[in-house]
K.L.:
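Have a look at the structure that comes next, please.
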Amino acid sequence: MNIILLGPPGAGKGTQARKLEEKFGLVQLSTGDMLRSSVARGEPLGLEAKMLMDKGQLVSDDIITGMIRERIKQPDCSRGFILDGFPRTVSQAESLDVMLAACQKEIGAVIELKVDDEALVDRVSGRFTCSQCGAGYHKKYKPLKIEGTCDVCGGHDFTCRADDNAETMKTRLKAFYDQTAPILPYYQSKGLLKTVNGMAPMNEVQEELESIIKHAHNSNKGM
Ligand code: AP5
C-alpha cells in the first residue's frame, strides 16, 4: 500500500510517517529529508535547493520529481511507501501519476492533516532534532525525558532547522496555500482524499491514520 500524507509545514507529517513506517513496515519518503541530506553531502543539487529552502520557497518540480522517480524504483519501496512532503504542486501530482503507472503501482489513500496556522508556528518554533541519531523532539509537545540528553541514543548535541522561524513560516504557509492546497480537489475527485484533525494529540492522530490505512487496505483487497 502506498500512502500520501498532505498538510502544511509542521502539521505532523514526519512524526506520523515514522510511526506508520514502524507499524505497517512501509518506507517513509520525505522530500525535505532527501534535500537536507543532499545539502549535508554538499551536492550541487542540495546547494541550489538550500537557498530556496532557507527562504521557505519550493524547490523546482523537475528536481523533486527526478528524486522521487529514482527513489520509488529502489527494492525497499516494493513493500509500500509513505510520501511525506510530496507531491506539493498539481504538476508534481500529475508527474507522480505518470511514474506510478509506468511501474504498475498506485496510491491507496491520500490523507490530509488539518492544523490551524497559529498552532503550526508554535510547532515549528519548538522543534529540535538530535544531531547524532536524528530523533525529533518539541520543547512543549515532545520534551526530552532528561534535560540535554537524547532519549534514544544518549547524545547531547541538538539542532534546529534554518527554516523553522516565524518569518520563514509566513512564506512556507503562503507556498502551502497557493501551491499545495490546490492538490486537495485533485485527489478528492479521484475518491482518495481523507481528512484528519491534526490538532488532536499525537497518539489520537496516529490511531485515526492507522484506521484509515487498514480500511483502505481491506477495500483494495476486495477489488
Ligand atoms: P519539508 O521538510 O517537507 O518541511 P514541511 O512540509 O515544511 O514540513 P515539516 O517537516 O516542517 O513539518 P511536518 O508536517 O513533518 O511536522 P513534524 O512531524 O515535524 O520541506 C522543507 C523544504 O524543502 C520546503 O519548504 C521546500 O523548500 C523543500 N521541499 C520539500 N519537498 C518539496 C517538494 N515536494 N516540492 C518543492 N519543494 C520541496 O511536526 C512538527 C512539530 O510538531 C514536531 O516538533 C512534533 O513533535 C510536533 N507535533 C507533531 N504532531 C503533533 C501533535 N499532534 N500535537 C502537538 N505537537 C505535534
Side-chain angles (χ1 to χ4, degrees), residues 4-18 28-69 71 82-96 110-131 134-142 158-187 195-196 198-199 202 205:
I4 296 176
L5 278 187
L6 277 178
K13 304 181 295 295
T15 302
Q16 295 299 335
R18 284 186 286 277
Q28 177 194 10
L29 302 182
S30 157
T31 41
D33 286 348
M34 290 178 197
L35 290 168
R36 282 183 287 276
S37 300
S38 181
V39 173
R41 289 193 297 267
E43 294 169 358
L45 179 154
L47 299 177
E48 189 187 326
K50 187 178 186 311
M51 286 188 293
L52 295 163
M53 292 166 79
D54 286 352
K55 285 192 268 184
Q57 294 170 2
L58 295 188
V59 174
S60 84
D61 288 340
D62 285 352
I63 289 183
I64 299 289
T65 48
M67 267 178 7
I68 287 290
R69 188 177 294 110
R71 186 63 187 88
I82 309 158
L83 290 167
D84 158 11
F86 178 90
R88 237 171 166 110
T89 61
V90 172
S91 162
Q92 289 181 17
E94 289 167 349
S95 300
L96 176 64
V110 178
I111 310 173
E112 176 198 11
L113 294 176
K114 232 177 155 56
V115 179
D116 296 349
D117 288 1
E118 217 172 286
L120 294 170
V121 176
D122 186 38
R123 284 188 189 182
V124 301
S125 317
R127 171 167 60 181
F128 60 99
T129 307
C130 172
S131 314
Y137 296 95
H138 191 280
K139 281 177 198 160
K140 259 194 269 176
Y141 307 117
K142 198 183 168 203
F158 298 90
T159 50
C160 293
R161 273 170 46 178
D163 57 346
D164 276 352
N165 58 73
E167 198 48 42
T168 310
M169 255 313 255
K170 286 185 199 156
T171 314
R172 290 165 68 190
L173 282 173
K174 186 169 176 356
F176 175 78
Y177 290 115
D178 291 352
Q179 293 166 270
T180 308
I183 296 179
L184 299 172
Y186 180 83
Y187 286 118
T195 299
V196 166
M199 294 291 287
M202 285 180 215
V205 177

K.L.:
To the nearest 0.5 Å, what is the distance between OG on Ser91 and CG on Leu96?
P.N.:
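Spacing of OG (Ser91) from CG (Leu96) equals 11.0 Å.
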K.L.:
Could you walk me through whether Gln16 and Val205 pass the side chain to side chain contact (heavy atoms under 4.5 Å, CB included) check?
P.N.:
CA-CA 8 Å; Gln16 295 299 335; Val205 177; 3.6 Å; yes
K.L.:
Heavy-atom distance under 4.5 Å between the side chains of Tyr187 and Pro87, does that happen here?
P.N.:
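SC-SC contact between Tyr187 and Pro87 confirmed.
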K.L.:
Do Ile64 and Ser60 touch side chain to side chain, with heavy atoms closer than 4.5 Å?
P.N.:
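A side-chain contact under 4.5 Å is absent here.
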K.L.:
Nearest 0.5 Å, please: how far is CD in Gln92 from OG1 in Thr65?
P.N.:
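Output value for this atom pair is 7.0 Å.
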K.L.:
Under the rule for salt bridge (charged side-chain N to carboxylate O under 4.0 Å, His left out), what residues qualify as partners of Arg36, not counting sequence neighbours?
P.N.:
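Only Asp33 meet the salt bridge (charged side-chain N to carboxylate O under 4.0 Å, His left out) criterion with Arg36.
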K.L.:
For Glu48, enumerate each residue passing the salt bridge (charged side-chain N to carboxylate O under 4.0 Å, His left out) test, keeping only those at least two apart in sequence or located in another chain.
P.N.:
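Listed in chain order: nothing, the list is empty.
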K.L.:
Distance from Asp84 atom CG to Arg18 atom CZ, nearest 0.5 Å?
P.N.:
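With rounding to 0.5 Å, CG (Asp84) is 7.5 Å from CZ (Arg18).
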K.L.:
Which heavy-atom pair separates Pro8 from Lys13 by the least distance, and what is that distance?
P.N.:
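Looking at all heavy atoms of both residues, the shortest contact is O-NZ, 3.0 Å.
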K.L.:
Any heavy-atom pair between the side chains of Leu6 and Phe176 that's under 4.5 Å?
P.N.:
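Not in contact.
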K.L.:
So, for Met202 and Lys142, which heavy atoms are closest and what is the spacing to 0.1 Å?
P.N.:
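Distance-wise, the nearest heavy atoms are CE-CB, 4.2 Å.
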K.L.:
Given side chains that start at C-beta, do those of Leu173 and Pro9 come closer than 4.5 Å, heavy atoms only?
P.N.:
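Yes, close enough: below the 4.5 Å cut-off.
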K.L.:
Evaluate the side-chain proximity of Tyr186 to Glu94: yes if any heavy-atom separation is below 4.5 Å, no if none is.
P.N.:
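Yes, close enough: below the 4.5 Å cut-off.
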K.L.:
Would you say Leu83 and Ile68 make side-chain contact, with heavy atoms under 4.5 Å?
P.N.:
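Yes, their side chains come closer than 4.5 Å.
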K.L.:
Which is it for Asp122 and Lys140 under the salt bridge (charged side-chain N to carboxylate O under 4.0 Å, His left out) test, yes or no, and what are the steps along the way?
P.N.:
CA-CA 9 Å; Asp122 186 38; Lys140 259 194 269 176; 3.1 Å; yes
K.L.:
So, taking the atom named CD1 in Ile4 and the one named CD1 in Ile111, what distance separates them when rounded to the nearest 0.5 Å?
P.N.:
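Here the interatomic distance stands at 10.0 Å.
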K.L.:
So Thr89 and Gln179, side-chain hydrogen bond (donor to acceptor under 3.5 Å, both in side chains) or not? Walk me through it.
P.N.:
CA-CA 5 Å; Thr89 61; Gln179 293 166 270; over 6 Å; no
K.L.:
Could you walk me through whether Met34 and Arg71 pass the side chain to side chain contact (heavy atoms under 4.5 Å, CB included) test, one step at a time?
P.N.:
CA-CA 10 Å; Met34 290 178 197; Arg71 186 63 187 88; 3.7 Å; yes
K.L.:
So how far is it from Asp62 CG to Met67 CE, rounded to the nearest 0.5 Å?
P.N.:
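Output value for this atom pair is 12.0 Å.
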K.L.:
Under 3.5 Å, is there a donor on one side chain and an acceptor on the other for Glu112 and Thr195?
P.N.:
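A pair is found: one side chain offers a donor N or O, the other an acceptor, under 3.5 Å apart.
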K.L.:
Look up atom CD1 in Ile63 and atom CG in Leu52, then write down how far apart they are to the nearest 0.5 Å.
P.N.:
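So the CD1 of Ile63 and the CG of Leu52 are separated by 8.0 Å.
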K.L.:
Nearest heavy-atom pair of Cys160 and Arg127: which atoms, and what distance?
P.N.:
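Heavy atoms of Cys160 and Arg127 come nearest at SG-O, 3.8 Å.
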K.L.:
What closest approach, in Å, do Ala162 and Asp54 show between heavy atoms, and which atom pair accounts for it?
P.N.:
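Where Ala162 meets Asp54 most closely, the heavy atoms are CB-OD1, 3.6 Å.
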K.L.:
Determine the interplanar angle of the Tyr137 and Phe128 rings, folded into 0 to 90°, and report it as parallel if under 30°, tilted if 30 to 60°, perpendicular if over 60°.
P.N.:
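It falls in the parallel class, under 30°.
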K.L.:
Not counting sequence neighbours, which residues clear salt bridge (charged side-chain N to carboxylate O under 4.0 Å, His left out) with Glu167? List them please.
P.N.:
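In terms of salt bridge (charged side-chain N to carboxylate O under 4.0 Å, His left out), with neighbours along the sequence ignored, Glu167 is linked to Lys170.
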K.L.:
Would you indicate whether the side-chain heavy atoms of Met53 and Leu35 approach each other to under 4.5 Å?
P.N.:
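A side-chain contact exists here, since the closest heavy-atom pair is under 4.5 Å.
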K.L.:
Looking just at side-chain N and O atoms, do Glu43 and Ser38 make a donor-acceptor pair shorter than 3.5 Å?
P.N.:
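The criterion, which ignores hydrogens and geometry beyond distance, is satisfied for Ser38 and Glu43.
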K.L.:
Identify the heavy atoms of Ala17 and Leu5 that sit nearest to each other, and give their distance.
P.N.:
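The answer is N-CD1, 3.9 Å.
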K.L.:
Identify the two heavy atoms, one from Lys55 and one from Thr168, that lie closest to each other, and give their separation to 0.1 Å.
P.N.:
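For Lys55 versus Thr168, the nearest heavy atoms are C-CG2, 3.6 Å.
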K.L.:
Could you check whether any side-chain N or O of Arg88 sits under 3.5 Å from a backbone N or O of Val59, counting only pairs where one atom can act as donor and the other as acceptor?
P.N.:
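Absent.
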